[in-house]
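Report on the structure given below.
To find a chain, count down the sequence lines: A is the first, B the second, and so on, and within it residues start at 1.
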2 protein chains.
Amino acid sequence: MPRRKIAVIGVGKIAQDQHLPVIEKGEDFELAALVSQRGVGHGGVPVFSTPTELYAAMPEIGLVAICTPPGVRHELALEAINAGKDVLLEKPPSTTISEFDDLCQKATRKGRLLFQTWHSRENAAVDRARDILAAEGVARLRIDWRESVRKWHPGQDWVWEPGGFGVFDPGINALSILTQILPFPVFVEGALLRYPANRQTPVDVEIAFRTGEPHRPEISAHFNWLETEGEVWTISIETSAGRRLALEKGGTVLRIDGEVALEAPSEEYERIYDRFADRLDAGQSETDDRPLRLVADAMMLGRRETVAAFDW
Amino acid sequence: MPRRKIAVIGVGKIAQDQHLPVIEKGEDFELAALVSQRGVGHGGVPVFSTPTELYAAMPEIGLVAICTPPGVRHELALEAINAGKDVLLEKPPSTTISEFDDLCQKATRKGRLLFQTWHSRENAAVDRARDILAAEGVARLRIDWRESVRKWHPGQDWVWEPGGFGVFDPGINALSILTQILPFPVFVEGALLRYPANRQTPVDVEIAFRTGEPHRPEISAHFNWLETEGEVWTISIETSAGRRLALEKGGTVLRIDGEVALEAPSEEYERIYDRFADRLDAGQSETDDRPLRLVADAMMLGRRETVAAFDW
């Protein structure tokens with residue numbers, strides 16, 4: 001089968017670190033063009049300043065991967081759908097729930113395929129944890145997600161602006177794993193949102209979840225963006241059968257009762273593009289707004305606290 | 001056709017002001033029982049302390065109207081659906097998007113009917129405005145929704161607590177009209193949320209909306225909860241044909257180019273129960289989360305400002 005031609009829109013860090021190399025080394029896709037306002041090129045393919053120019057010049061390209069910052073993704077995805085393209089969207093797929101729902105509806109109406117990259121789910125350890133929880137049930141689950149914003153987003157003031165998500169930017173990865181592994185729906189019961197005095201997005205978030213399950217499992221999360229020495233991306237679980245699981249290092253390692261049960265090299269974007277290819281074969285979208293909804297729910301229900309100002 | 005037996009769960013102000021008298025004076029429903037933790041009765045019908053007792057004692061009642069505060073509606077609606085009841089939910093139907101989506105899915109799966117009361121939509125002037133905008137298009141639209149929280153919610157501290165919605169409590173009524181009359185989807189572009197220094201929900205909100213429409217209509221809203229002298233619940237519109245519409249008094253009056261074109265006595269809850277009966281005849285749910293989503297979007301995207309403390 002010939003490779004499918006794909007264009008990447010937005011050639012920033014995530015495109016360069018993941019999308020471009022993964023597209024090139026796989027066998028399903030052919031990188032056919034780029035759209036970059038700043039004219040960033042790669043691999044000698046044509047570079048356009050706008051998607052409109054791309055669609056006019058190379059109508060044979062049927063797929064786009066949108067890797068811009070989230071604020072403009074809705075508009076770009078709509079334009080792509082209207083131009084008859086199938087669309088892969090970086091996470092988070094949009095800055096509001098209404099935008100994402102709109103894209104899902106429009107894609108369906110136009111017969112186009114939509115796919116979003118909740119990359120942290122794409123790990124064998126996550127699959128295994130999901131299977132165990134389906135079999136054994138969940139008694140307790142705790143998310144600890146603490147990293148250094150200075151290390152991962154040095155000087156990027158936009159993460160602190162409205163729509164920049166703050167510590168929900170890493171936190172939504174944990175929520176994408178949570179919604180993938182739990183065998184039942186989960187709801188925000190309450191949240192505590194700590195905002196630096198001089199910033200518009202939270203630096204530290206605690207969430208208490210509830211479920212509709214009669215045995216009332218205890219589920220909670222803590223996200224922090226000022227951790228320097230002990231960065232951690234762990235989900236600790238006690239199953240109803242009494243086993244202790246720990247998904248560590250962002251979902252790449254699974255411990256069972258303290259012993260490493262599964263540790264695989266991270267191939268999150270390889271899996272994303274594999275499944276995108278499968279979905280294209282099947283002609284079926286994959287859209288899941290649950291992680292984004294939980295963020296919206298936490299921000300709607302959260303108690304706000306002001307903490308020390310943040311400066312780089 | 002015999003009247004359908006209905007139970008009202010939560011016998012507070014909105015139940016007493018609207019649901020109970022409207023059920024009694026109409027011909028479609030028969031008030032058959034109440035659920036009130038505090039034992040509030042009405043019309044001599046049986047009063048239960050919990051829905052569980054109601055469902056056990058009077059299984060012949062197939063419908064419930066849930067009129068409690070929003071925080072517990074999800075749990076009560078789930079219990080009702082699981083007990084095989086069709087459900088009418090006061091607005092807002094839940095405190096989070098995830099809860100409302102869950103109810104929609106569960107109702108569908110269980111073959112039960114779900115209906116929510118966006119009451120401000122239920123006015124002839126709103127219908128007429130929607131028809132005019134469908135024919136003439138929208139160039140500009142402005143929502144001004146200013147009222148006195150001291151007058152409408154005297155001493156009710158819960159409106160200022162997380163999940164209490166603050167000035168979004170009246171504002172969501174405007175959003176329920178907005179999403180009803182616009183002939184295209186609308187998205188939050190940005191928002192300014194003003195929080196009293198000692199409170200957890202906003203007292204004043206400005207929202208800028210965007211659309212996917214090529215002519216870029218200007219749409220904005222201002223909600224304020226400290227208005228005393230000049231309370232106003234108005235949506236002012238300029239159509240693309242140049243006519244000026246004003247929906248006034250919360251959607252009950254329509255002016256066209258300054259002249260009153262339609263003014264009908266408010267029969268919002270009568271219309272709600274009429275349409276609930278129609279939906280039951282048709283066996284079809286009516287669920288629309290767009291007003292709630294726009295609130296969540298504004299709170300997720302909004303810039304926060306602290307303003308003077310609020311005390312009653």
Return yes if some donor-acceptor pair links the side-chain N/O of B:R140 with the main-chain N/O of B:S240 below 3.5 Å, else return no. no
Between B:M300, B:R210, B:Q200, who has the most heavy-atom pairs with chain A when the cutoff is under 4.5 Å? B:Q200
Check the surroundings of atom CD in B:E53: do more than 12 heavy atoms from other residues, nucleotides or ligands lie under 6.0 Å from it? yes
Could you check whether any side-chain N or O of A:S94 sits under 3.5 Å from a backbone N or O of A:T96, counting only pairs where one atom can act as donor and the other as acceptor? yes
Contacting moiety of A:F165, where chain B heavy atoms sit under 4.5 Å: side chain
Partner of A:W160 under ring pair (Phe, Tyr, Trp, His ring centres under 6.0 Å), picked from A:F168, A:W225, A:Y195, is A:W225
Among the options A:Q105, A:E79, A:M299, pick out the one with the most heavy-atom pairs lying under 4.5 Å from chain B. A:M299
Applying a criterion of heavy atom separation less than 4.5 Å, what residues of residues 303-312 of chain B form contacts with chain A? B:R303, B:R304
Donor-acceptor contact present, side-chain B:T117 to main-chain B:H119, <3.5 Å: no
Between B:K91 (side chain) and B:D169 (backbone), is there a donor-acceptor pair under 3.5 Å? yes
Counting distance only, does the side-chain N/O of B:E99 pair as donor-acceptor with the main-chain N or O of B:T95 below 3.5 Å? yes
Check whether B:E189 gets within reach of chain A through its side chain, its backbone, both or neither, counting any heavy atom under 4.5 Å. neither
Applying the side-chain contact (heavy atoms from CB on, under 4.5 Å) test to A:W118, which of A:T179, A:L175, A:D288 qualifies? A:D288
Note: vs chain B, highest number of non-hydrogen pairs under 4.5 angstrom among A:V186, A:D289, A:D101, A:V188 is A:D101
Honestly, the part of A:R290 sitting under 4.5 Å from a heavy atom of chain B is neither
Holding to side-chain contact (heavy atoms from CB on, under 4.5 Å), I want the full list of residues that pass it with A:A174, two or more places apart in sequence or in another chain. A:I143, A:W145, A:F223
